[in-house]
Amino acid sequence: MTIGSEVKQCLASLKGVEASLSSLALRTQDNESKQTLHETMMVVNEVVTDLKKRVGELENEEFQYKGF
């Protein structure tokens, strides 16, 4: 597996974590838990955003990573 495909696989996993946290935050009844889950989801969202930028950089810098 190339670095590009590993980074994209990591990105997909993080998106799944983000979606799970969001779903849990919406379903929980406890306000403190809801807030904690939402805050954690927002942190993961920042990481996803940064990793998306890095994927774009990888694709621009290294042609072999494009399209993986």
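Position 1 is the first residue of the sequence, and the numbers go up from there.
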key: Residue pairs involving residues 35-44 (criterion side chain to side chain donor-acceptor pair (under 3.5 Å); sequence neighbours excluded)   = Gln35-Glu39
Shortest non-hydrogen contact between Met41 and Glu18, atoms and distance = CG-O, 3.6 Å
ask   = Does one hydrophobic cluster hold both Val43 and Leu14, with members joined at side-chain heavy-atom distances below 4.5 Å?
value = no
query = So if you build clusters from Ile, Leu, Val, Met, Phe, Trp, Tyr with side-chain heavy-atom gaps below 4.5 Å, do Leu37 and Val17 land together?
reply = yes
key: side-chain contact (heavy atoms from CB on, under 4.5 Å) partners for Thr49, two or more places apart   = Asn45, Lys53
query = Do Lys15 and Lys52 touch side chain to side chain, with heavy atoms closer than 4.5 Å?
reply = yes
ask   = Under the side-chain hydrogen bond (donor to acceptor under 3.5 Å, both in side chains) test, which residues partner Ser33, sequence neighbours left out?
value = Asp30
ask   = How would you list, by chain and number, every residue that makes a side-chain contact (heavy atoms from CB on, under 4.5 Å) with Val7, sequence neighbours excluded?
value = Ile3, Leu51, Val55, Leu58
Could you pull out all donor-acceptor pairs under 3.5 Å where a side-chain atom in residues 19-28 meets a protein atom, sequence neighbours excluded?
unit_1 : atom_1 : unit_2 : atom_2 : d
Ser20  : OG     : Gly16  : O      : 3.1
Ser23  : OG     : Arg27  : NH1    : 3.4

